2 protein chains.
Amino acid sequence: MTKGRVTVIDIAKAAGVSKSTVSLVLQGSPLVSEATRSKVNAAMRDLGYVYNRGAANLRQPSAKSKIIGVVVNDLTNSFFAELAVGVDMVVQSAGFVQFLSNTSENIDRQREVIASMREHGISGLIVSPARATEAADFKPLVAAGIPVVVVVRSLPGSKVSSIVSDNAGGTAAAVEHLASLGHTRIAFLGGFPDTAVFEERLAGYVDGMNAAGLGFRQELVVSSAPSRAGGADAIGWAMAMSDRPTAAVCFNDAVAFGACDGLRARHMEPGRDFAVVGFDDVIEAQTAVPALTTISVDPQSMGRRAAQLLLKQINAGKAEPESVTTAVRLVVRESCGAAERKSGRKMA
Amino acid sequence: MTKGRVTVIDIAKAAGVSKSTVSLVLQGSPLVSEATRSKVNAAMRDLGYVYNRGAANLRQPSAKSKIIGVVVNDLTNSFFAELAVGVDMVVQSAGFVQFLSNTSENIDRQREVIASMREHGISGLIVSPARATEAADFKPLVAAGIPVVVVVRSLPGSKVSSIVSDNAGGTAAAVEHLASLGHTRIAFLGGFPDTAVFEERLAGYVDGMNAAGLGFRQELVVSSAPSRAGGADAIGWAMAMSDRPTAAVCFNDAVAFGACDGLRARHMEPGRDFAVVGFDDVIEAQTAVPALTTISVDPQSMGRRAAQLLLKQINAGKAEPESVTTAVRLVVRESCGAAERKSGRKMA
DNA sequence: ATGGTAATTTGGAACGTTCCAATTATTCCT
DNA sequence: AGGAATAATTGGAACGTTCCAAATTACCAT
């Protein structure tokens with residue numbers, strides 16, 4: 001038990017080489033002979049050496065810190081937890097480690113967290129921005145040459161890379177599916193009209209309606225809070241129309257669940273008397289009754305994509321901002337009335 | 001745009017003081033006069049200084065790295081995501097930052113991840129160990145004076161602190177509740193018998209049965225994988241008994257959901273024809289149909305507790321290992337047949 | 001003014017690593 | 001065997017901070 005921790009010098013002494021050689025071994029340089037390499041490795045094992053990245057980072061550009069920061073706006077939401085898992089997968093196998101923080105939608109906390117990450121010398125940042133995040137908030141980062149990838153919520157005029165799901169494509173597919181089931185009066189329910197995500201999903205809906213030859217009618221879109229309660233509200237408005245819709249694509253799954261609640265309150269059974277389609281495919285979507293037909297965005301693969309893009313930029317030194325939109329998939333379950341009845345639930 | 005990053009020396013120059021003084025300001029020392037302090041702060045702001053913790057850690061004991069590591073065995077499980085959120089809360093407000101990694105129950109990955117965290121000089125570690133983790137795995141950490149707090153799963157003979165929920169108390173309460181509803185043949189379903197958590201929950205069940213004067217019968221406990229599929233399996237065995245049980249306390253919520261599936265497959269309605277109680281209170285528990293009666297463990301507060309304990313140990317320099325078990329609460333919903341019918345679902 | 005004390009400030013010398021230029025060992029060719 | 005080339009190794013000198021001991025300044029009571 002020597003007092004201080006064991007350093008590269010200690011193992012150099014033990015292996016009978018110089019500290020420089022040890023350093024070479026540490027970074028797997030091909031310059032060192034096989035013989036010395038194994039001698040050094042043995043010494044490291046014997047003395048219980050642990051690499052001190054802090055010291056190393058002092059000499060190297062921050063791109064080699066092997067830390068990547070991940071900031072999400074709501075880790076409680078399993079969507080983001082899964083996203084983080086996806087990021088962790090690729091990041092970990094690339095020898096990086098993940099700094100994860102949660103902002104709880106609080107922009108001040110977001111600032112603090114990002115500042116803290118900078119102090120620790122992150123090589124790159126993946127962030128799902130809290131509401132009201134400004135494009136300018138990431139200026140200092142990119143100025144310092146730290147790659148940033150924004151996920152889930154795109155940031156208006158910022159010069160950073162972003163990965164968002166194909167919102168328009170998703171709602172368009174939902175409309176197409178409903179139309180193919182014979183529905184002609186299809187509503188768009190829920191969401192706040194002043195957000196980018198709403199605009200995209202609505203645009204997809206409009207495209208879908210036109211593509212199906214049903215045309216777009218403003219009165220069929222009723223906005224509301226993007227929550228369960230909002231959904232119940234929205235369906236109420238829809239049911240009060242003189243010429244009622246028979247189906248709805250909802251802003252997200254929460255709204256869709258709310259719509260189902262509202263339908264039942266009016267003695268209508270979702271999936272039988274009215275078709276509803278959600279967006280996101282949260283876990284509850286498959287276990288709910290009826291199981292929710294929805295647009296699946298697979299947060300985990302989104303996380304992987306984001307991490308891959310980030311790593312690419314880190315390795316490239318300085319990379320051009322790039323925007324990718326990830327594919328999205330309609331998963332048909334029961335709430336749209338087109339279910340394949342109980343098609344084999346798998347079991348160990 | 002000077003080439004390198006701005007250092008403490010740059011701002012010393014700009015503020016007309018020495019680097020030592022700047023350092024003093026950085027650590028909020030009372031030794032520096034108000035006048036110089038603000039001069040220095042101004043310079044920092046002007047030059048866009050960012051503190052380099054790596055360099056600082058070189059001179060300081062690792063307890064001051066302000067990084068705490070969090071390792072969970074399954075971030076996909078919202079239980080652990082919530083736990084991480086709880087940790088993050090207290091850790092963040094103490095000025096620390098959280099390194100979060102996911103082992104996916106893989107012990108090799110766990111080793112890698114912890115090694116990586118050590119390299120980064122974490123001040124402490126909170127870990128929910130992957131299956132088959134040995135007590136010895138944390139020896140090097142504690143030898144190096146790094147506090148470790150084990151959560152959720154206790155580690156047999158290790159000398160580290162731990163925070164686990166009151167497993168025995170939980171199942172005992174579940175049995176008591178079922179007995180009070182008039183059930184006499186109560187099964188214990190699911191879980192692998194070779195885990196500490198299983199033992200504890202089973203022990204509580206046994207205690208509960210004895211306390212209710214029902215006695216313990218080995219044939220009423222049927223183990224299985226702690227998953228939905230396992231639960232369906234287990235209920236199958238239970239239903240095949242000559243003298244069927246009328247209620248079951250399940251190893252966890254997943255098993256309970258599986259049991260419900262199995263019940264329905266046999267044309268029995270959980271909550272009406274058979275009482276089911278789960279354990280964990282995952283989010284789906286309240287939205288499922290029927291809503292699941294279960295033992296709530298509040299992962300978030302568990303995370304907070306763990307973080308507080310860890311911080312205490314970090315500040316104390318070297319602290320005695322301490323084990324706390326967190327209280328647990330029976331939340332009665334519909335699946336046990338004792339529901340308060342639809343007692344006001346809150347909305348907006 | 002003068003000494004004494006308290007309040008501030010300040011140069012190095014670490015910390016553990018990587019990089020560079022330079023050195024030494026080894027191999028190959030004629 | 002001699003030298004050129006190549007392969008391995010190696011001493012510093014950084015990196016940006018904190019700490020220590022020492023130096024300076026300010027303040028007071030004589």
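All values reported here derive from a predicted model rather than from experimental measurement. Just so it is clear, the values below take in all heavy atoms, side chains as well, and ignore hydrogens, waters and symmetry mates.
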Once base and sugar-phosphate atoms are separated, protein heavy atoms under 4.0 Å mark nucleotides 6-11 of chain C, 5' to 3', with B, S and - as --SSBB

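Per the geometry, OH belonging to B:Y51 stands 7 Å off C1' belonging to D:dT17, to the nearest Å. When the C1' atom of D:dT17 is taken as reference, atom CE of B:M44 falls 13 Å away, rounded to whole Å. The CD1 atom of A:I9 sits 8 Å away from the P atom of C:dT17 (whole-angstrom rounding). In this structure, B:L26 places its CG atom 7 Å from P of D:dT17, rounding to the nearest Å. Per the geometry, CG belonging to B:L58 stands 13 Å off C1' belonging to D:dA14, to the nearest Å. For the pair B:N52 CG and D:dT18 C1', the computed distance is 12 Å after rounding to whole Å. Put simply, CG on B:N57 is 13 Å from P on C:dT17, counting in whole angstrom units. Between the CG atom of A:D10 and the P atom of C:dG16 there is a distance of 8 Å, rounded to whole Å.
Between A:S23 and C:dT17, a side-chain N or O to OP1/OP2 separation shorter than 4.0 Å is absent. Residue B:T7 places at least one side-chain N or O under 4.0 Å from the OP1 or OP2 atom of D:dT17. Taking only side-chain nitrogens and oxygens, A:Q27 comes nearer than 4.0 Å to OP1 or OP2 of C:dC19.
For A:S33, the side chain to side chain donor-acceptor pair (under 3.5 Å) criterion is met by A:T36, not counting sequence neighbours. Residues satisfying the side chain to side chain donor-acceptor pair (under 3.5 Å) criterion with B:Q300, sequence neighbours excluded, are absent altogether. For the side chain to side chain contact (heavy atoms under 4.5 Å, CB included) test, residues two or more places apart in sequence or in another chain that qualify with A:A196 are A:S154, A:E200. For the side chain to side chain contact (heavy atoms under 4.5 Å, CB included) test, residues two or more places apart in sequence or in another chain that qualify with A:N106 are A:D108, A:R109. With sequence neighbours excluded, no residue satisfies side chain to side chain donor-acceptor pair (under 3.5 Å) with A:S101.
Counting only residues at least two apart or in different chains, salt bridge (Lys or Arg N to Asp or Glu O under 4.0 Å) contacts with residues 125-144 of chain B comprise B:E105-B:R131, B:R111-B:D137. Applying the salt bridge (Lys or Arg N to Asp or Glu O under 4.0 Å) rule to pairs touching residues 74-94 of chain B yields nothing, sequence neighbours excluded. Under the salt bridge (Lys or Arg N to Asp or Glu O under 4.0 Å) criterion, the residue pairs touching residues 50-59 of chain B are A:E119-B:R53, with sequence neighbours excluded. Each side chain to side chain donor-acceptor pair (under 3.5 Å) pair with one or both residues in residues 22-31 of chain B, not counting sequence neighbours, appears once here: B:S23-B:Q27.
Scanning both residues, A:V6 and A:G48, for their nearest heavy atoms gives CG1-O, 3.9 Å.
Comparing the local axis fitted to the first five base pairs of the helix from C:dA1-D:dT30 to C:dT30-D:dA1 with the one fitted to its last five gives a bend of 40°, rounded to 10°.
A donor-acceptor contact under 3.5 Å links the side chain of A:R59 to the base of C:dT18.
The side chain of B:Q60 approaches D:dC19 more closely than any other nucleotide in the set D:dC19, C:dG16, D:dG16.
Contacts between residues 111-123 of chain A and DNA chain C, counted as heavy-atom distances below 4.0 Å, involve no residue at all.
Counting non-hydrogen atoms of other residues, nucleotides and ligands closer than 6.0 Å to CZ of B:R304 gives a total above 12.
Using a 3.5 Å distance cut-off with no hydrogens or angles, the side chains of A:N73 and A:S128 do pair a donor with an acceptor.
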